[in-house]
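Quick notes on the structure that follows.
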Amino acid sequence: MSGSFLRLFKYPLCFVVLYLGYFPVSYSQIMTVQGKIDSESMGTVLPHEHVMVDWVGADQTGNHRWSVNEVVARALPFLQEVKQKGVTTFIDCTPAYLGRDPLVLKKLSELSGLQIMTNTGFYGAGENKYVPKKVLEASEDSIAGVWIHEFFEGIDSTGIKPGFIKISVDANTQLSSFHQKLVAAAALTHLQTGLTIVSHTGSDEAAGQQIDILKKMEAPTSAFVWAHAQNGTMEGNLDIVGQGGWISLDGVNADGENGKKNIDFYVQRLLVLKERKFLDHVLISQDAGWYTVGEENGGSFRGYTDIFEVLLPELKKNGFTPEELHLLMKVNPARAFSLKPVKY
Ligand SMILES: [Zn+2]
């Protein structure tokens, strides 16, 4: 893994950009692990989930640490279960060096019939434990070059292409200079590929600073998804949607006392967003899964059905119309994740 990374790292950005002429980007499509599809065929979407995670750190991880067949066997029943609930597209948010394996996802897509998306990017949260050391010194152009290369050429030698950029930053009041660089590299990558930027972000301040960087680089704020926006305040969420960004309320979990662990929180936040007419900037998911590398048979695995079994019925009880639920589960993800026009 690290060997091939070093090779890619020398890829000059300007060379990669030349590919654009030969691979025109379609504006109404999304990239799955099995290739491009029209965004209208996304159907019902889970926009932030995980199949597998490896917490060991960038210096030790690699696909020598798991068996593709074992991970697939463990995750498949959960994907089949959620397909039964009507889900057609599953967005896997596990980044490189944290257990991203496009071959696992492609096999699961073939076996389950779900459309699955994977990502490019680096995960800075956790004080850069999941970022290769070499990257910490690299320029934003070089980092973007690695991600752009994955979009046009595929990940490693698999030919499987990312459908979005996944980055993450620590929830400090001030972004570190390296995390600012990650955001700038994501903006550059967006401008040249049309890929949406999903950023794991734990505070209002960190979200606001990322939007500022995008604006400064003339990347549209509509290309930014604040992942884990439930960890920010209501005011922070409203600030980001007011500036055109997306908020991903992606920690839905009914697995607690009386089976409604945090459902009321989500209902309340969605009611406010509805009242303020921002439901068209919201994504809902569960951050569930996952096969944990290093634990026996992946350890405990949380299924992906709480939204369908608990949250959606609760939203209906609270006056949400079928059209509003359609917006949340189908229209919004298709808009958020479709490839955007590329700036030449
Ligand atoms: Zn996640």
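Side chains are part of it too, since the values below use all heavy atoms of this structure and drop only hydrogens, waters and symmetry mates. Atoms within each ligand, like the ligands themselves, are counted from 1 in listed order.
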Is it true that some N/O/S atom of [X], main chain or side chain, lies under 2.8 Å from the Zn ion (ligand 1)?
X	answer
H50	yes
H48	yes
D287	yes

Start with the C-alpha gap between D54 and R65, add the side-chain angles, then the distance that decides, and say whether salt bridge (charged side-chain N to carboxylate O under 4.0 Å, His left out) holds.
CA-CA 9 Å; D54 183 6; R65 294 204 0 111; 2.7 Å; yes

Describe, in one word, how the ring planes of F301 and F78 are oriented to each other, choosing from parallel (under 30°), tilted (30 to 60°) and perpendicular (over 60°).
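Ring orientation, 0 to 90° scale: parallel.
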
Using the rule given for ring-ring contact (aromatic ring centres under 6.0 Å, His included), can you reason through W66 versus Y291, listing the C-alpha separation, both sets of side-chain angles and the distance that settles it, and then say yes or no?
CA-CA 10 Å; W66 56 84; Y291 181 104; 8.6 Å; no

Name of the residue among H326, K85, K330 meeting side chain to side chain contact (heavy atoms under 4.5 Å, CB included) with T44:
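Result: among H326, K85, K330, K330 is the only option passing the side chain to side chain contact (heavy atoms under 4.5 Å, CB included) with T44.
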
